[in-house]
Amino acid sequence: MSRSIQRRALPAALTAAAAVLAVLPLTGTAQAAPAGAAQISTAFRLPGEGAYPEGIAADPRTGDVYVGSYTTGAIYRALPGHRAAQVFLPEGVDGRHTANGLKVDRTGRLWVIDSTAAVTVYDTRTRALLARFDAPTDAHFLNDLAIGPDGTAYVTDSTRPVVYRVTPAELARAEAHGRRAELTVAHDLSGTVPAHPAGSVTLNGIVADPAGRFLLTVDMTGGGLYRIDLRDGSVRQVALQGGDLVNGDGLELAHGTLWAVHNRSNTLTRWHLSPDGTSARLERRITDDSLQIPTTVVHTGGRALVVRSQFDKGGPMGPGTPRTPFTVAYVRGF
């Protein structure tokens with residue numbers, strides 16, 4: 001990154017977001033012994049000196065991978081087999097100031113979180129904006145999202161322990177009536193997730209059970225994992241065996257395996273989830289500084305791709321100079 005970019009202040013819309021990220025916990029990682037050395041390489045490069053990527057998503061139909069810039073709101077796309085991503089949606093489009101949580105649903109719609117403002121939905125074929133769901137007017141920090149098997153999107157809030165929801169019917173209504181609506185709270189976890197000091201990150205990553213029974217979301221500061229029952233709305237803490245999820249950021253769930261990214265500690269963990277989602281056992285831990293503050297992970301084409309945010313190198317988590325170009329890592333064996 002050039003010195004001029006380093007000195008440039010974050011956009012006003014990122015002030016609250018940067019305040020949240022500045023207090024991410026520094027300590028606490030999973031305690032199981034590592035299972036062999038990690039094999040980490042670069043999957044592809046991102047354009048721009050100030051990308052500071054955060055979210056990642058793969059199109060299940062094409063294998064295309066999308067990455068969002070936390071500091072500009074730009075969206076990049078990497079095609080299968082290519083070593084460099086290209087700009088898919090430029091920064092500032094549709095008033096988008098950040099791009100953290102990303103997901104591509106089964107029909108090819110790209111869901112993008114702008115942490116302090118809204119969730120936007122795009123057609124990956126035409127790049128057209130399909131709908132925008134504005135955040136509530138009270139305090140909020142939209143962070144990550146998951147898509148359930150019925151197409152419902154679930155969004156976490158990191159300043160208060162709630163999960164928002166956008167159903168397929170709500171998306172269709174928004175598309176038909178001005179492409180705009182407001183996010184509504186579907187689940188309130190305040191009675192189960194412990195309270196933390198003001199400004200702490202609470203809920204972060206979230207995943208949906210492929211069978212549609214429950215959601216799992218991580219309390220980044222407390223290190224707990226929480227199960228939301230989609231049938232009755234009840235919430236319970238998942239029993240973690242062998243470690244915790246302090247610094248837990250992005251999550252991924254498939255075939256009874258839960259993958260977690262621990263950003264500040266440069267750690268990745270893999271857990272065996274019980275069939276009912278009430279307990280998880282740590283199977284593998286990888287800690288490596290070359291992960292460069294990892295934030296999210298996606299498995300596609302037989303590879304685990306992990307975002308290297310470098311947030312602590314001149315980004316929202318600290319001063320310094322990042323190593324450019326920004327990259328997405330390929331972690332073998334994770």
Side-chain angles (χ1 to χ4, degrees), residues 8-22 46 48 50-57 66-77 85 87-105 109-124 127-147 153-160 162-166 170-171 174-175 178-186 201-206 217 220 249-250 263 295-296 307 309 311 315-317 326:
R8 185 180 62 193
L10 290 176
L14 296 185
T15 302
V20 172
L21 290 169
L46 301 173
Y52 292 101
E54 208 279 347
I56 190 169
Y66 297 85
V67 179
S69 168
Y70 180 78
T71 52
T72 72
I75 306 293
Y76 313 108
R77 180 174 64 180
V87 173
F88 179 74
L89 294 172
E91 61 182 273
V93 170
D94 304 313
R96 197 179 56 252
H97 298 287
T98 65
N100 40 315
L102 299 180
K103 199 70 66 180
V104 180
D105 64 26
R109 291 178 296 226
L110 173 65
W111 297 69
V112 181
I113 291 180
D114 181 342
S115 60
T116 61
V119 178
T120 48
V121 187
Y122 294 90
D123 185 320
T124 55
R127 310 188 192 200
L129 175 68
L130 301 176
R132 173 188 170 102
F133 294 88
D134 295 307
T137 55
D138 50 354
H140 56 265
F141 181 98
L142 307 180
N143 202 321
D144 207 351
L145 78 159
I147 308 292
Y154 300 92
V155 180
T156 56
D157 191 323
S158 287
T159 58
R160 57 189 187 129
V162 300
V163 174
Y164 306 100
R165 177 179 62 200
V166 178
E170 290 169 332
L171 176 59
E175 289 185 70
R179 299 182 299 180
R180 197 146 190 174
E182 184 170 302
L183 288 173
T184 57
V185 173
V201 176
T202 303
L203 303 183
N204 197 327
I206 186 170
T217 184
M220 182 171 169
D249 200 326
N263 52 35
T295 50
T296 45
V307 171
S309 76
F311 277 1
M317 284 168 56
F326 286 87

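None of these values were measured; they are calculated from a predicted model. Throughout, numbering of the chain's residues begins at 1 and tracks the sequence.
At least one donor-acceptor pair under 3.5 Å links the side chain of Thr295 to the backbone N or O of Glu54. In this structure a side-chain-to-backbone donor-acceptor pair under 3.5 Å is present from Asp157 to Thr159. Checked by atom type and distance alone, the side chain of Arg96 never pairs as donor or acceptor with a backbone atom of Asp114 at under 3.5 Å. Although no hydrogens or angles enter the test, the distance criterion places no donor-acceptor pair under 3.5 Å between the side chain of Thr98 and the main chain of Tyr70. With hydrogens and angles disregarded, no donor-acceptor distance shorter than 3.5 Å links the side chain of Arg109 to the backbone of Lys103. In this structure, Ser309 contributes its side chain and Tyr52 its backbone to no donor-acceptor pair below 3.5 Å. Although no hydrogens or angles enter the test, the distance criterion places a donor-acceptor pair under 3.5 Å between the side chain of Arg127 and the main chain of Phe88. Under a 3.5 Å cut-off, the side chain of Arg180 and the backbone N or O of Ala131 do not form any donor-acceptor pair. Distance alone, capped at 3.5 Å, places no donor-acceptor pair between the Asp144 side chain and the Asn100 backbone.
Summarising the geometry of Asn143 relative to Ser158, their closest heavy-atom pair is ND2-OG, 2.7 Å, with the distance given to 0.1 Å.
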Practice task
Apply side-chain contact (heavy atoms from CB on, under 4.5 Å) to Leu129 and Val93, showing your working.
Solution key: CA-CA 10 Å; Leu129 175 68; Val93 170; over 6 Å; no
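Residues satisfying the side chain to side chain contact (heavy atoms under 4.5 Å, CB included) test with Ser69, not counting sequence neighbours, are Thr71, Thr72, Ala74, Tyr76. Remark: Tyr122 pairs with no residue by the ring pair (Phe, Tyr, Trp, His ring centres under 6.0 Å) rule, at least two apart or across chains. Residues that satisfy the salt bridge (charged side-chain N to carboxylate O under 4.0 Å, His left out) test with Arg132, not counting sequence neighbours, are Asp134.
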